[in-house]
Structures are given as structure tokens and as C-alpha cells.
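Note on naming: letters A, B, ... go to the chains in the order of the sequence lines (proteins, then strands), and numbering restarts at 1 for each one.
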There are 2 protein chains.
Amino acid sequence: MRKLSVTVDIVLLTIRDRQLQLLLIKRSATPFANRYALPGGFVKESESLDAAAVRELREETGVDKVYLEQLYTFGDPRRDPRGRVITVAYYALVPHTQSLRAGSDASDAAWFPVTRLPSLAFDHRKIVEYAHLRIRNKLDYTNVGFELLPAKFTLTDLQLVHEAILGETLDKRNFRKRITQKAIVKPVEEWAQTGRRPAQLYRFSDSD
Amino acid sequence: MRKLSVTVDIVLLTIRDRQLQLLLIKRSATPFANRYALPGGFVKESESLDAAAVRELREETGVDKVYLEQLYTFGDPRRDPRGRVITVAYYALVPHTQSLRAGSDASDAAWFPVTRLPSLAFDHRKIVEYAHLRIRNKLDYTNVGFELLPAKFTLTDLQLVHEAILGETLDKRNFRKRITQKAIVKPVEEWAQTGRRPAQLYRFSDSD
DNA sequence: ACAAAAGTGTTCCATATACACCCATGT
DNA sequence: ACATGGGTGTATATGGAACACTTTTGT
């Protein structure tokens, strides 16, 4: 009987250039050498699945504080030509401000817009599509958008995040009304200095 | 290194006595001998996760045609005292009309209301809670309720399913308005003969 | 002065909610 | 006749969608 392995793969998402982008790593080893793949790796004997995802993300991308959520488990017996490998997929969200100090085994990492992906290794394309679908749905009924922004942000920043995820433009007045009357955000006593006219900065208002 | 195993466990739900109930099987083997557990078992080398769930459900409960959806993967390294066992949890929905011919290795199967569970083996209680949460949410934005009914049903039947899942009573007129104007159901040329006054039978209207 | 993004209200429509009585059938 | 569940409409409240102009700043 072939050896059974379990891996975690992570769809790491951020907003760059007003687009939803994800991090891919170019494989050097076979199979799928020189193809891009999701960051991820084998689950160790004594670690939980979540811990494995956090560790792989740190090792391969240098990303540390991150929103992480389990997505789906892919277990087609032929998804990996090397043998039976079941993968537990996660998605992760980081503000673009987080710097990437790519680890030693991830020298060839790059961001790609979710709408313009290169050819991917394994069934990773399917995993990415699933992650994209999930975050679009989740935006409707959660505050998941904040995970992609720094602690202080303008309402325009937040709107751009929503637009990038949904792939459509939103009405400014309706958007601001919705956000403010849900009391999801609180203004802070600061104004953004970028661009022309200073904009009110806000923060996510979970605590008070 | 300990051997790594992957199992599937299935939360099989139905409506009985106007309550959401699930099927549990009394374990005979150690660990957790004589405790109730979810139907499930090891994933075979050459079968997909979905196929394993279908197979285990058939073997252990005799249930065949069934709505099945992957729920979440539980991988705490200490969730099974025998070693490292990662389980991919599913939930399944069947009309109560489906008969159970419990298989040889499931002689001690019984239905329990989700709100009144016995002490369960492993982390199965957590899995059940997760399934209950998922189906309640899913009811809002899908037609998942039909999976718990036979092909032809009355609107009262459907309302009872919703009430059982949500755990609250619903207004009859509002419920019927919502269901009928979404064109989710179609009347058939038949009337239920049970009880006092015959009720219009409907069917789910996916096709046409 | 002009360019660029910030900020701000009202109207309309669709959907959800609250609420009570008559009807058809079997016993 | 009565008990049981089947069936029906209206008024109100709430949330989403459409829609355009003025303000503030830097150059």
C-alpha cells in the first residue's frame, strides 16, 4: 500500500494595484518543475492542521500575523502523481503592507491577480477558484474585508477592497451609508495625508 | 513515526417527530467502547473522499441516495488516542422515508434529536455542532430543505422542516408567500390523503 | 485656475414582518 | 357538531439601489 500523506496548501490573498492578488511559488522540484504552485507542505506528526498552515506560510512566505481559515479538503486519489496526497486547503488574508521575506525554499515567489493566473501545478487552480468564490460570498455577511487593510484606513480604501473582491464597481454613497450605519468602523482623530484632499481615517470597531 | 490515517465521518440528518435528528452508532470496539459515534471509517487507497463517505454511509447505515456535502476537516493530533487520525467530516440529508437496513458492523444504530445527544466518542460532538450550524445557515440561501422531504410534499411539511432546523416557529402566511413567489416549488395534480382536509402536494421545481 | 479625490441625501422599489379568520374534511 | 389542519391578504417597516453636485487640497 502506498504511503498516505496529508498536506496543507494556502491561498494567500492581498490587494495590490486595486486587484485581488495571490502569492504563488515557482516549483524547482519534480513533478511540475518550473510551474507555479500554492505555498504549502506536509503536515507534521504532532501539529494541528491550522498550525501546519501557519508554519508553512511563515516558512515559505515570511508572513506572520494573518487571517487564516480552512477552505476545503481535496482528496482525489490521482491529484498528485507521486502517490496518495490529501490536501487541506486554507485561505489567508494579509494587508499589502506586510512585507514578504521569502524563505530559503521559496526564492521564486510572486503575486498574481486572481483573474490572470499562470498554469498551476496539481489541482491548485481549482483550489484558487474555490477560495475566490468563498471570499466573495463571505464579504456579504462578514467583515472579512478588514483583514486586507492596515489598522487605519479611509473609506475609499475599504471600498476599493470590496470592489477588488467582487470584481465590480460600487456606488460611493450607498457603500458609505451601509458601512457607517452598521457601526462597523469608527473614525480616528487622524487624516490621511496622501493625494490631494486629506481623508478621514477609520479603524475596525470590534472593541467599543 | 506513527502511522497517519485519514477517515471520513458523516453527520446523517433527517426529520423525525418534527425534530432534526441524526444517526449514531454504538461502538463495540475500544477506544470509547459502548459510546455512540458518527458513522464513518477509513478512506481507502484509491477512492476519493466523497466516495469514501458514500461507501461508509451505505455500509454502516444502508442509506443510498443521499445529499452529501463536505463540512470541515478535523486534525487535532490528540483527537484519537490510537494515533494520528485526521477526519474529513461530511453531513448528509435524507428524507425520513428512507429505510435503514443497518449493515453488519452497525447493528446498534439509533436516531437522536440534535438537541439531546448522548455522550459521544472522540470529538464527534464538535463535529455535530458544526454540522448543525452549517445547515441552519445554509437554509437561508439555498433549497437544502428539500433534501429532507420525499418527492411530493405539502407546504406544511416543508414548513415543519424549516422549523425543525431553525428551532423556531414560523408564520404560515409569510412562509408560504416566500416559498411560492420564489417559484421554488410547483404544485402537482395530487392531494395528500392523510389527516382531515386534503392538502395540495408540491414538488421541488428545478427542472421546468 | 484646474485637477483629483472627499464628502454628502432623497426617492423609489423590493423584501420581510406582524397579524386573524374562514374552509374542507373525517369522526 | 366539532375538532383538525388547510388555506388566504393587507399594512407597515426595513434595507438596497439609483442618482449629481459641492468641497478641499496640491500644483
Worksheet entry | A:F204 ring center near A:F153 ring center (under 6.0 Å) | no
Discussion item. Rounded to the nearest 0.5 Å, what separates atom CG in B:L149 from atom CZ in B:R203?
Written reply: 14.5 Å
Worksheet entry | Gap between atoms CD and P, on A:Q159 and D:dA17 respectively (whole Å) | 13 Å
Worksheet item: Does a side-chain N or O from A:R176 land closer than 4.0 Å to OP1 or OP2 of C:dG7, or not?
Response: yes
Discussion item. Is a donor from one side chain sitting under 3.5 angstrom from an acceptor on the other, for A:R84 and A:S5?
Written reply: no
Discussion item. One pair to check against side-chain hydrogen bond (donor to acceptor under 3.5 Å, both in side chains): A:D76 and B:S48. What are the steps and the verdict?
Written reply: CA-CA 5 Å; A:D76 187 294; B:S48 70; over 6 Å; no
Worksheet item: In residues 134-158 of chain B, what residues come within less than 4.0 Å of DNA chain C, judged by heavy atoms?
Response: none
Worksheet entry | Pairwise 5' ranking along DNA chain C for A:P198 and A:N174, keeping only the more 5' one | A:P198
Worksheet item: Taking atom C1' of C:dA24 as reference, at what distance in whole Å does atom CD of B:Q193 sit?
Response: 13 Å
Worksheet item: When the ring centroid of B:F122 is compared with that of B:F74, is the distance short of 6.0 Å?
Response: no
Discussion item. Side chain of A:A199 only, heavy atoms from C-beta on: which candidate in D:dG7, C:dG7, D:dC19 is closest?
Written reply: C:dG7
Fill in: Side-chain donor/acceptor of A:K177 to base of D:dG16, under 3.5 Å
no
Fill in: For atom CD of B:Q181 and atom P of C:dA14, their distance in whole Å
11 Å
Item to complete: Starting from P on C:dA6, measure out to CD on A:Q200 and report it in whole angstrom.
Response: 12 Å
Worksheet item: B:F175 vs B:H162 aromatic rings, parallel, tilted or perpendicular, using cut-offs 30° and 60°?
Response: perpendicular
Worksheet entry | A:F175 CZ - C:dG9 C1' separation (whole Å) | 18 Å
Practice prompt. Decide yes or no for B:T87 and B:D80: does some side-chain heavy atom of the first lie under 4.5 Å from some side-chain heavy atom of the second?
Written response: no
Worksheet item: CZ of A:R178 versus P of D:dA17: gap in Å, rounded?
Response: 8 Å
Discussion item. Among C:dG9, D:dG26, C:dG7, which nucleotide has an atom closest to any side-chain atom of A:R173?
Written reply: C:dG9
Worksheet item: Please give, in whole Å, the distance from C:dT10 C1' to A:K172 NZ?
Response: 17 Å
Worksheet item: Has the side chain of B:R197 got a donor or acceptor atom sitting under 3.5 Å from an opposite partner on the base of D:dG6?
Response: yes
Worksheet item: Atom CG of B:D171 and atom P of C:dC21: how far apart are they, to the nearest Å?
Response: 14 Å
